[in-house]
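Just so you know, these numbers use all the heavy atoms, side chains as well, and skip hydrogens, waters and symmetry mates.
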Amino acid sequence: MEIQNVIYTFLIATRNQTLSKLSRIRTVSATADSEEQARAQLNGLPLVFVSCKANKAGV
């Protein structure tokens, strides 16, 4: 079975912030096999999970 990379998208914000209190909405994405790996690639950023999508090969 082949493991498919997934694109994980996170909001850069602390967990207790509300969207209305953000001065800017900033997102960041990482390609990884798991959310844990994606978070490790973005180490040091205050991340809130937004979405994950299958990475379409060749696109």
Which heavy-atom pair separates [X] from [Y] by the least distance, and what is that distance?
X     : Y     : answer
Ala32 : Tyr8  : O-CE1, 3.7 Å
Val48 : Ala13 : CG2-O, 3.2 Å
Val6  : Lys53 : CG1-O, 3.2 Å
Ser29 : Thr9  : OG-OG1, 3.0 Å

Hphob cluster co-occupancy, Leu42 + Ile7, side-chain heavy atoms under 4.5 angstrom: no
When you group the ILVMFWY residues by side-chain heavy-atom contacts below 4.5 Å and let the links chain together, are Val50 and Val28 in the same group? no
Pairwise distance CG(Leu11) to OG(Ser51) - rounded to 0.5 angstrom: 11.0 Å
Distance (rounded to the nearest 0.5 Å) between Asn5 CG and Gln37 CD: 8.5 Å
Let's go through Thr27 and Ile12 carefully: what are the C-alpha distance in whole Å and the side-chain angles of both, what is the deciding distance for side chain to side chain contact (heavy atoms under 4.5 Å, CB included) to 0.1 Å, and is it a yes or a no? CA-CA 6 Å; Thr27 60; Ile12 300 175; over 6 Å; no
Which residues pass the side-chain contact (heavy atoms from CB on, under 4.5 Å) test with Arg39, sequence neighbours left out? Phe10, Arg15, Glu35, Leu47, Phe49
